[in-house]
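Chain letters run A, B, ... following the sequence lines, proteins first, then strands; residues in each count from 1. As the structure is a prediction and not an experimental result, all values here were calculated from the model. No hydrogens, no waters, no symmetry mates; every other heavy atom, side chains included, goes into these values.
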Protein chains: 2
Amino acid sequence: MRSDLWQNGFKKTKQREAVFAVLSNADKPLTAMEICTGAEMCGKGLWLSTVYRVLDLFVQKGIAQRNVLAGGDVATYEINKNEHRHYVVCTACRKVFALEKCPLPKTVHLENFCITGHRLEIYGYCEGCYAKK
Amino acid sequence: MRSDLWQNGFKKTKQREAVFAVLSNADKPLTAMEICTGAEMCGKGLWLSTVYRVLDLFVQKGIAQRNVLAGGDVATYEINKNEHRHYVVCTACRKVFALEKCPLPKTVHLENFCITGHRLEIYGYCEGCYAKK
DNA sequence: ATTGCAAATGCGAATCATACGCATTTGCAA
DNA sequence: TTGCAAATGCGTATGATTCGCATTTGCAAT
């Protein structure tokens, strides 16, 4: 775990560590609910509203990123690795796969706009769902 | 207005025409609420739940597309033009601008996945908001 | 035109994700 | 060890979206 994590002026708590741990071990973006049920809180419960608060903090501090995948209606969160990640979503079964590298050229530039990031999602049918058609 | 629109087996109603008209005249994706208040229903009110139902129908039939722009929590809808569109979002003031052309190379391909589309969003700061920092 | 009926809408209430409020608890600096 | 600001537990509020049902309406058949 990053040792500088808790030195940005905010307190180290079990809840925050738990949320961070779940996000760190995930290979895809997770919903607040998934984080809540997936968290190991040494036997004690972790409240959903706390998860949201922790996530808000992480997003604000740049530790995590929030987004809503295509067609979905719940937000998902992931650790903000500096190399950005993109996902492939099956519109039939809603499974999510990570893309290894960003297919976007590095040269993108815009007039009168300061680009800080981008979001790319590819959607379609995964092998299994395609077969079913 | 497309003349084949109402021949796909569903009824032509004032409400559907109104929603379609608003979406057609928009130059950016709109929320259900914006569509609701923007609709001209010859004096009569248009209910939000009806707007949602009409939008669901349009999405199902491929007439419109639904998405949730980065950082936001409400869905937006737009007419599904065959040439796809992408947007630039200012994370400070939440203004949305359309991108003229897709910067993604046409050659993107994936193993074991049938790509039907993609979604790209660029975010950052618009001129005004950048100046304020 | 009129009729009949399935489909669509008006309207309100339900649901679900997310935010908020406040009393209690907990890190951590002094 | 103590004090206090910050964080959490826990419940409730809010806002977007969906559902249910009685009424209305488009349209095919008469």
task: Using atom CG of B/L48 as one end and atom P of D/dT14 as the other, report the distance to the nearest whole Å.
output: 18 Å

Distance, rounded to the nearest Å, where A/L46 contributes CG and D/dA7 contributes C1': 12 Å

query: Is A/V74 reachable from A/V96 through a run of hydrophobic residues whose side-chain heavy atoms are each under 4.5 Å from the next?
result: no

field: Separation of C/dA17 P from A/I35 CD1 (nearest whole Å)
entry: 14 Å

message: Looking at A/N80 and A/Q65, would you say the former's side chain and the latter's main chain have a donor-acceptor pair under 3.5 Å?
response: no

- prompt: Within this structure, what is the OH-to-P distance between A/Y52 and D/dG9, rounded to whole angstrom?
  reply: 16 Å

message: Whether the A/E34 and A/Y77 side chains hold a donor-acceptor pair (N or O, under 3.5 Å, no angle test) is what I'd like checked.
response: no

field: Nucleotide forming a Watson-Crick or wobble pair with C/dG27, both distances under 3.5 Å
entry: D/dC4

query: Hey, what's the ring geometry for A/F20 with A/F58, parallel, tilted or perpendicular (30° and 60° as the breaks)?
result: perpendicular

field: Nucleotide D/dT17, atom P - distance to CG of B/N67 in whole Å
entry: 12 Å

query: Is the shortest side-chain N/O distance from B/W47 to OP1 or OP2 of C/dC11 below 4.0 Å?
result: yes

task: Starting at the 5' end of nucleotides 19-30 of chain D, put B wherever the base has a protein heavy atom under 4.0 Å, S where only the sugar-phosphate does, and a dash everywhere else.
output: BB-----BS---

query: Looking only at atom types and distance, does a side-chain atom of A/R16 sit under 3.5 Å from a main-chain N or O of A/K11, one as donor and one as acceptor?
result: yes

- prompt: Please give, in whole Å, the distance from C/dT18 P to A/D73 CG?
  reply: 8 Å

- prompt: Between atom NZ in A/K61 and atom C1' in D/dA6, what is the gap in whole Å?
  reply: 12 Å

Nearest-angstrom distance from the residue atom CD of B/E34 to P of D/dT17: 11 Å

query: Which class fits the ring pair A/F97 and B/F113: parallel under 30°, tilted 30 to 60°, perpendicular over 60°?
result: perpendicular

